[in-house]
K.L.:
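Okay, handing you the structure first.
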Amino acid sequence: MAITTHSEPPQIHRFPQSKYVDAVRWLPPATALHRYAALAFFDSDSDSSSVEIYSIGSNPATLIPQSSWVCPSRVSSLKASHSQHRPFVAAGTFSSSLHVLFCDLMDASSLESEVLVPGKVIHEGPISCVDLMDGELECLTVGEDGKINLVGIGVSNLNHRRVFDSSGLISYTAAKWGSPAEFATGGYGFSLQWWDQRKPGGAVSQFKGDWAQRRTSGIVHSIDIHPSRKHTCLAGGSLGSVFAWDLRWPQQPIILSGVGAGDIGVHSPSESEVWEVQYDRHAKSMNMGNISSSKILPAMICSEDGILAVIEQGEEPLELAAEPCAINSFDIDRQNPSDVICSLEWESIAILTRP
């Protein structure tokens with residue numbers, strides 16, 4: 001199968017920047033009239049980092065800076081959520097500190113306050129990934145040092161507790177909440193773990209990505225879990241790999257792209273690192289009338305070789321954009337799933353609007 005394109009391609013608006021864009025996230029809306037995004041920047045000339053809030057206009061497409069916060073270290077992971085209608089952002093850094101930035105209650109474009117966990121407290125090295133649970137004040141952090149932490153977010157402080165410490169025997173590179181009590185982690189060897197806080201002591205289920213020879217050296221870079229199907233983890237990683245891990249059949253991966261995909265007649269849109277994967281709420285399954293709980297819902301990926309695409313089990317990949325540089329991260333607007341914001345390696349931001 002070959003990569004297909006939209007009969008009506010998405011509109012793409014590119015906004016050059018003077019700094020490297022490490023991550024992009026839509027902010028949950030405080031009002032129905034305004035849209036904002038949080039962006040993590042790194043300026044190589046001054047060796048400085050920042051998290052900035054931008055307002056997003058649609059007609060015409062605009063990207064206007066609103067507020068900025070200087071970060072003491074480069075951002076390694078960025079997530080946004082809300083609590084009591086108040087948007088906030090969590091930023092993990094390469095110096096192992098965690099920062100939570102609250103937006104003003106009356107003006108979501110303004111960063112009002114910050115609480116933090118200093119470096120070397122919850123992780124020994126860079127924070128690989130942070131994740132926030134929708135509507136809750138709890139942050140999940142993982143690192144290549146093998147530590148997993150839960151951080152309770154207060155108004156003036158952060159309370160943290162260690163969930164697990166592998167003492168460096170296992171490194172974690174990705175994490176995602178599945179429910180208020182459960183979450184998934186990923187790491188080297190295309191491995192995935194499922195954790196349940198009601199059952200302490202270790203992961204309650206594990207998957208080792210050894211479905212073929214020479215394919216265990218890959219890394220899981222991103223995980224997503226659909227709110228209506230928490231039994232299935234979607235993972236993206238090295239060598240263009242995208243696969244699903246169904247907890248009901250824990251040792252049999254469902255390969256959607258990359259290594260092993262050719263064995264089942266599936267074409268892969270990318271052969272490089274898949275930096276991010278998200279379920280695509282905008283895409284409609286090709287077989288909606290025959291969809292079952294075992295069928296993997298459509299997903300969007302971005303890659304090191306500049307591909308933004310939608311993939312679906314058993315269908316041809318749908319290419320949305322092919323950039324001459326890496327697409328480091330993207331985010332789908334939950335209120336307007338046709339809109340996607342991306343960070344491009346060549347100091348640029350792109351906003352796509354799909355028909």
K.L.:
Do Tyr36 and Trp26 pass the ring pair (Phe, Tyr, Trp, His ring centres under 6.0 Å) test, and can you show the C-alpha distance, the side-chain angles, and the key distance before you say yes or no?
P.N.:
CA-CA 6 Å; Tyr36 300 101; Trp26 291 101; over 10 Å; no
K.L.:
Check the pair Phe41, Val21 against side chain to side chain contact (heavy atoms under 4.5 Å, CB included), reporting the backbone distance first and the verdict last.
P.N.:
CA-CA 5 Å; Phe41 288 101; Val21 188; 3.8 Å; yes
K.L.:
Would you say the side chain of Trp69 lies within less than 4.5 Å of the side chain of Ser67, judging by non-hydrogen atoms?
P.N.:
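Not touching, per the 4.5 Å side-chain cut-off.
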K.L.:
Can a salt bridge be assigned to the pair Lys199 and Glu182 using a cut-off of 4.0 Å between side-chain N and carboxylate O?
P.N.:
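No salt bridge links Lys199 with Glu182.
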K.L.:
Students often mix this up, so state it plainly: with edges at 30° and 60°, are the rings of Phe164 and Trp195 parallel, tilted or perpendicular?
P.N.:
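Tilted: the ring planes of Phe164 and Trp195 meet at 30° to 60°.
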K.L.:
Short question: side chain of Glu312, backbone of Val310 - any donor-acceptor pair under 3.5 Å?
P.N.:
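Between the backbone of Val310 and the side chain of Glu312 there is no qualifying donor-acceptor contact (under 3.5 Å).
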K.L.:
Under 4.0 Å between a Lys/Arg side-chain N and an Asp/Glu carboxylate O for Asp280 and Arg354?
P.N.:
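Yes, charged N to carboxylate O under 4.0 Å.
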K.L.:
Tell me, do Cys129 and Lys79 make a side-chain contact under 4.5 Å, heavy atoms counted?
P.N.:
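Yes, their side chains come closer than 4.5 Å.
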K.L.:
Specify the closest pair of heavy atoms between His282 and Pro355, including all atoms of both residues, with the distance to one decimal.
P.N.:
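Closest approach of His282 to Pro355: NE2-O, 3.4 Å.
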K.L.:
Below 4.5 Å, heavy atoms only, C-beta onward: do Phe88 and Val100 meet side chain to side chain?
P.N.:
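Yes, close enough: below the 4.5 Å cut-off.
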K.L.:
Ignoring hydrogens and angles, state whether a donor on the side chain of Trp245 or Thr232 is under 3.5 Å from an acceptor on the partner side chain.
P.N.:
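Result is no, nothing qualifies.
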K.L.:
Considering all heavy atoms of both residues, which atom of Arg161 and which atom of Gln197 are nearest to each other, and what is their separation?
P.N.:
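Where Arg161 meets Gln197 most closely, the heavy atoms are NH2-OE1, 2.5 Å.
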K.L.:
For a quick test of reading the model, state the closest non-hydrogen atom pair linking Leu320 to Ile12 and the distance between them.
P.N.:
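Distance-wise, the nearest heavy atoms are O-CD1, 4.1 Å.
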K.L.:
Under a 3.5 Å threshold, yes or no: a donor from one side chain and an acceptor from the other, between Glu304 and Asn328?
P.N.:
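Side chains of Glu304 and Asn328: no pair found under 3.5 Å.
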K.L.:
Thinking salt bridges, do Arg25 and Glu276 make one under a 4.0 Å N-O criterion?
P.N.:
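Answer for the salt bridge query: yes.
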K.L.:
Could you tell me whether Asp43 and Lys19 make a salt bridge, using a distance below 4.0 angstrom between a side-chain N and a carboxylate O?
P.N.:
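Salt bridge flag = no for Lys19 with Asp43.
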K.L.:
Taking C-beta and beyond as the side chain, do Ile254 and Phe243 meet within less than 4.5 Å on heavy atoms?
P.N.:
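Not in contact.
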K.L.:
For the pair Arg334 and Asp339, find out whether any cationic side-chain nitrogen is under 4.0 Å from an anionic carboxylate oxygen.
P.N.:
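Salt bridge flag = no for Asp339 with Arg334.
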K.L.:
Can you confirm if the aromatic rings of Trp275 and Phe330 lie within a centre distance of less than 6.0 Å?
P.N.:
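No; Trp275 has its ring centre 6.0 Å or more from that of Phe330.
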K.L.:
For Gly135 versus Ser83, what's the shortest heavy-atom pair and its separation?
P.N.:
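Closest pair (atom of Gly135, atom of Ser83, distance): O-OG, 4.3 Å.
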K.L.:
Grab the two heavy atoms, one from Val24 and one from Ile341, that are nearest each other, plus how far apart they are.
P.N.:
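Scanning both residues completely, I find the closest heavy atoms to be CG2-O, 3.6 Å.
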K.L.:
Establish, from distance only, whether the side-chain atoms of Asn149 and His160 form a donor-acceptor pair under 3.5 Å.
P.N.:
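No, His160 and Asn149 have no side-chain donor paired with an acceptor closer than 3.5 Å.
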K.L.:
On the 0 to 90° scale, with breaks at 30° and 60°, tag the Phe183-Trp177 ring pair as parallel, tilted or perpendicular.
P.N.:
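If you compare the ring of Phe183 with that of Trp177, the planes turn out perpendicular.
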K.L.:
Hey, are Gln11 and Thr353 close enough side-chain-wise for a donor-acceptor pair under 3.5 Å?
P.N.:
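Side chains of Thr353 and Gln11: no pair found under 3.5 Å.
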K.L.:
In terms of side-chain heavy atoms, does Asp305 have a donor or acceptor partner in Ser303 at a distance below 3.5 Å?
P.N.:
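Indeed, the side chains of Asp305 and Ser303 share at least one donor-acceptor pair under 3.5 Å.
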K.L.:
Indicate whether any N or O donor in one side chain lies under 3.5 Å from an N or O acceptor in the other, for Glu144 and Tyr188.
P.N.:
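Yes, Tyr188 and Glu144 have a side-chain donor paired with an acceptor closer than 3.5 Å.
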K.L.:
Is a side-chain donor-acceptor pair under 3.5 Å present for Thr173 with Ser128?
P.N.:
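The answer is no; no qualifying pair exists.
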K.L.:
Can you give me the closest heavy-atom contact between Lys230 and Ile225, atom names plus distance?
P.N.:
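So the minimum-distance heavy-atom pair works out to CA-CG2, 3.6 Å.
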